[in-house]
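So the structure is just underneath, and the comments pick up after that.
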Amino acid sequence: MMRFTFFLGYFLIVIYTSGQQKIADIHALEQKGKVRLLNVKSNAATKNYDVLSYSIAIAIDPRIKYIKGSVDCLFKSKAMNRTVTFDLNANMQVDSVLYNNRLCAFLHDSSNALTIDLQDTLSENELASVRIFYKGEPITDGLGSFDLATFEQDSVLWTLSQPYGAQNWWPCKNSLNDKADTVELFVTVALSYQAASNGLLLNVDTLNNQHTFHWKTEYPTATYLVAVSVGDYTQVSYKKPLGNDSLLYHHFLFNSDTLSFSQSDVVTHRFMEFYDSLLGTYPFLKEKYGHASTVLAGGMEHQTMSLMGAYGGELIAHEVVHQWFGNKITCASWSDIWLNEGFATYFTNLTYEFGILHDPTFYPFVLKNMHSKSLEQPHFSVYRRDTSDASLIFDRLVYDKGAALLHMLRWQIGDSAFFQGIRNYLNDPQWAYGFVQTKDLQSYLERSSGSDLTEFFKDWYYGKGFPVYTTEWSQTQNELSLDIFQISSDPSVYFFNMALPFRLHSGNWDSTIVVDPKFSGEQFNISVNREIDSIVFDPEQWITAKHQMVTSVKERSINRPVPIIYPNPSTGFIRLIASDFHEINGLQIFNANGELMKEIKNPTTEIIVLKEFPAGIYIVELLSEQYTFKKKLIIQP
């Protein structure tokens, strides 16, 4: 839940999204000793079967950090094998395992692997099921996988398994390569508590001083999105029209929190309508959408039932749109977490652009904040190279620069191709309710736009940092000259390819032009029949970049012949011809990356030898007290 702060006149606007607070929570809990950040590797032993269903039966008490229960897993063997392996933290105790109603031998080792000997060898595509009885005190790590707290003296318990925490509280296949087709949860709690979970509440059975909540979802569900929240809740349930159908809302809210009731009712549905119309039908229409209140500082988008620690508009929008981005289609690797979080952040921003319960006059400030946060880490990429613990996965760039990437993609290919490509990406049966990678998104946007986006993703997603532009302009009569120079904040990217908008001003007149530089120092000459008095770079804030505008007013204002540099292209030397050569007090030559290659103070000869320079593109800069002159120079082999 990220906090942005803007000062607009006398108003202080605090905007919440679901990213930065997750990061802050990790570090705060780590300092208090409540959280251990895991070094987790995928368990290759779990790849020999496909999960079809889980049935989880647990007894929990929000006053006690303890769980006891069983998990039934129906699976299909992918190859001949006699053993099946689940992920379960080593501190949990496995009492017994049944296969075909008979006890099985098992090994639960320190690597958190629970390996079960079925005694029979399964053939490929054979169906089988096991029942695992377990108990213990789940550890809390990552983002807080099994946590207890109080709200106004009442106890609350919730699970938050993203990214690796599911194995802390139930035996499962803890991966991003296998969604269970169905998941059932039987949650037994004391009569004073209510239990919220995924899917539909089918039944509540009462026995003595306890009752069991039976939840079931028949939509494919990623392991980390299975969740339970228990507290002294008031249940609120109703239906509202959505598209050509209706959607059930089922919330579990703290009794005294009146804001949660009003926001869950009015605000949530308005965002749901917006995303349903923009992205396609709400992915879990046959079941529900709900909120479960916790004491988290942010929220978590558990499938059909989001955990909510607050009820601000941006947080609600963020978790609602996660039902499409993250839940319907899920990143196939934590390296690609931006496919969840970058999308949720950007489509939350769109509620300002389109005026959905948010004032569109604030949209420029939302964009400014998105870009400024993206520029705070000049040596990191959106792509997560190290996913060994939660703090490395849920970095600020995933949210802010992930959103900025989408904004720039929209600029590059246009609104129609962008939104159509996103809808195709979401709704293709090949990926719907499955796992996706960044290359899959790229292919849909390329098809909708007819563009090759390989260089874009290479620079902006896998590459680190951002471009730093310097634009120098001058005007001679009816010709405007733009010289655009770029250096990269990190050497991993040689040159960021991006079409750049500039707004030209002349008195009360203005016009926007777009140029597409392919190398640093490229010059553009534009015919303009007005005298330009100012130029603004990227006036509508499409580009994530730093920029400096340099105005060559003195060069334009005096009637001085332009210096000549020849031969150009050159093969080892250049000659300078300038009517005021004796006034030139400096010469500098830069390569295409903006690195200074040669400097001569007070040059005494018009011939400059460049035999030591490799072939390439350079910028020659002449300096005097009256003006600065830059010219692109090509040196041939």
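This structure is a prediction, so every number in the text was calculated from the model and none was measured.
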Verify whether one side chain among D205 and N203 offers a donor that lies under 3.5 Å from an acceptor in the other.
-> yes

Is L253 close to S264 at the side-chain level, that is, under 4.5 Å between some pair of heavy atoms?
-> yes

In chain order, what residues pass the side-chain contact (heavy atoms from CB on, under 4.5 Å) check against D359, with sequence neighbours excluded?
-> T361, F362

Fit a plane to each ring of Y461 and Y383, take the angle between them on a 0 to 90° scale, and name the class: parallel (under 30°), tilted (30 to 60°) or perpendicular (over 60°).
-> perpendicular

Do NZ/NE/NH1/NH2 and the carboxylate oxygens of R131 and D72 come within less than 4.0 Å?
-> yes

Is there a side-chain contact between W334 and Q162, using heavy atoms and a 4.5 Å cut-off?
-> yes

Compare every heavy atom of V267 with every heavy atom of Q263, then report the nearest pair and how far apart it is.
-> OE1-CG2, 3.0 Å

Is the centre of the Y425 ring less than 6.0 Å from the centre of the W431 ring?
-> no

Shortest non-hydrogen separation from A499 to W411 and the atoms involved | O-NE1, 2.9 Å

Residue pairs passing the salt bridge (charged side-chain N to carboxylate O under 4.0 Å, His left out) test where at least one lies in residues 210-225, sequence neighbours excluded | K216-E218

Just wondering, do F146 and W158 contact through their side chains at under 4.5 Å, heavy atoms?
-> no

With sequence neighbours excluded, give me every salt bridge (charged side-chain N to carboxylate O under 4.0 Å, His left out) pair touching residues 178-203.
-> K173-D178

Sub-4.5 Å side-chain heavy-atom contact between L392 and R384 | no

Just jot down the side-chain hydrogen bond (donor to acceptor under 3.5 Å, both in side chains) partners of Y249, sequence neighbours excluded, or say none.
-> H269

Evaluate the criterion side-chain hydrogen bond (donor to acceptor under 3.5 Å, both in side chains) for residue pair Q430 and D440; output intermediate values, then yes/no.
-> CA-CA 11 Å; Q430 180 181 4; D440 302 317; over 6 Å; no

Scan for salt bridge (charged side-chain N to carboxylate O under 4.0 Å, His left out) pairs involving residues 274-299, sequence neighbours excluded, and state none if there are none.
-> none

Report yes if some heavy atom in the side chain of H322 is under 4.5 Å from a heavy atom in the side chain of E341; otherwise report no.
-> yes

Identify which one of S262, S260, S293 satisfies the side-chain hydrogen bond (donor to acceptor under 3.5 Å, both in side chains) criterion when paired with Y311.
-> S293

Quick one: which residue pairs count as a salt bridge (charged side-chain N to carboxylate O under 4.0 Å, His left out) with a foot in residues 232-246, not counting sequence neighbours?
-> K240-D265

Heavy-atom distance under 4.5 Å between the side chains of V156 and T150, does that happen here?
-> no

Q541: side-chain contact (heavy atoms from CB on, under 4.5 Å) partners, not counting sequence neighbours | P364, L367, K368, H371

Angle class for the F496/W460 ring planes (parallel below 30°, perpendicular above 60°, tilted otherwise)?
-> tilted

T188 backbone acceptor or donor facing Q210 side chain under 3.5 Å = no

Do side-chain atoms of S77 reach the backbone of F75 as a donor and acceptor pair under 3.5 angstrom?
-> no

Do side-chain atoms of Y346 reach the backbone of D400 as a donor and acceptor pair under 3.5 angstrom?
-> no

Only counting residues at least two apart or in another chain, list the ones meeting side-chain contact (heavy atoms from CB on, under 4.5 Å) with R270.
-> E273, F274, I356, L357

Any donor and acceptor pair, going by atom type alone, linking the side chain of R396 with main-chain N or O of K401 inside 3.5 Å?
-> no

Name the orientation class of the two ring planes belonging to F347 and F343 (parallel below 30°, tilted from 30 to 60°, perpendicular beyond 60°).
-> parallel

Is there a donor-acceptor pair closer than 3.5 Å between any side-chain N or O of S306 and the backbone N or O of M308?
-> no

Does one side chain, of E314 or H358, offer a donor that lies under 3.5 Å from an acceptor on the other?
-> no

T304 side, atom OG1; L285 side, atom CG - distance, nearest 0.5 Å = 12.5 Å

Short side-chain donor-acceptor distance under 3.5 Å, T438 and W338 = yes

Donor-acceptor pair between W170 and S161 side chains, under 3.5 angstrom | no

Kindly say whether G463 contributes a backbone atom to a donor-acceptor pair with the side chain of D459 at under 3.5 angstrom?
-> no

Approximate separation, where rounding is to 0.5 Å, of T387 OG1 and I337 CD1 | 10.5 Å

Is the side chain of S246 donor-acceptor paired with the backbone N or O of L242 at a distance under 3.5 Å, no angle test?
-> no

Please report the shortest heavy-atom distance between Y224 and P163, naming the atom on each side.
-> CB-O, 4.2 Å

List the steps, then state whether salt bridge (Lys or Arg N to Asp or Glu O under 4.0 Å) holds for E353 with R410.
-> CA-CA 14 Å; E353 180 180 1; R410 183 179 166 192; 2.7 Å; yes

Using salt bridge (Lys or Arg N to Asp or Glu O under 4.0 Å) as the criterion, list what pairs up with D452, not counting sequence neighbours.
-> none

Indicate yes or no for a side-chain donor-acceptor contact from N427 to the backbone of R423 under 3.5 Å, with no hydrogens or angles considered.
-> yes

Correct closest heavy-atom pair for N327 and E301 would be ND2-O, 2.8 Å

Can you check whether Y399 reaches M370 side chain to side chain, under 4.5 Å on heavy atoms?
-> no

For residues S229 and Y233, is any side-chain donor paired with an opposing acceptor at under 3.5 Å?
-> yes

Please check if the side chain of S451 supplies one atom and the backbone of L453 the other of a donor-acceptor pair under 3.5 Å.
-> no

With sequence neighbours excluded, tell me which residues meet side-chain contact (heavy atoms from CB on, under 4.5 Å) with S237.
-> L248, H250

What residues, two or more places apart in sequence or in another chain, satisfy ring-ring contact (aromatic ring centres under 6.0 Å, His included) together with F151?
-> F254

Between F325 and N340, is any pair of side-chain heavy atoms under 4.5 Å apart?
-> no

For N349 and A403, work out which heavy atoms get closest and say how close.
-> ND2-CB, 4.4 Å

Would a distance-only check, ignoring hydrogens and angles, find a side-chain to backbone donor-acceptor pair under 3.5 Å from T223 to N174?
-> no

Check T512 against P501 and note the closest heavy-atom contact, atom names and distance.
-> CG2-CB, 4.3 Å

Side-chain donor-acceptor pairs under 3.5 Å in residues 193-202, sequence neighbours left out?
residue	atom	partner	partner atom	Å
Q194	OE1	Q235	NE2	2.7
S197	OG	A227	O	2.7
N198	OD1	A227	N	3.0
N198	ND2	L225	O	3.0
N198	ND2	Q303	O	2.9

Among Y282, F284, Y289, find the one that has a ring pair (Phe, Tyr, Trp, His ring centres under 6.0 Å) with W324.
-> Y282

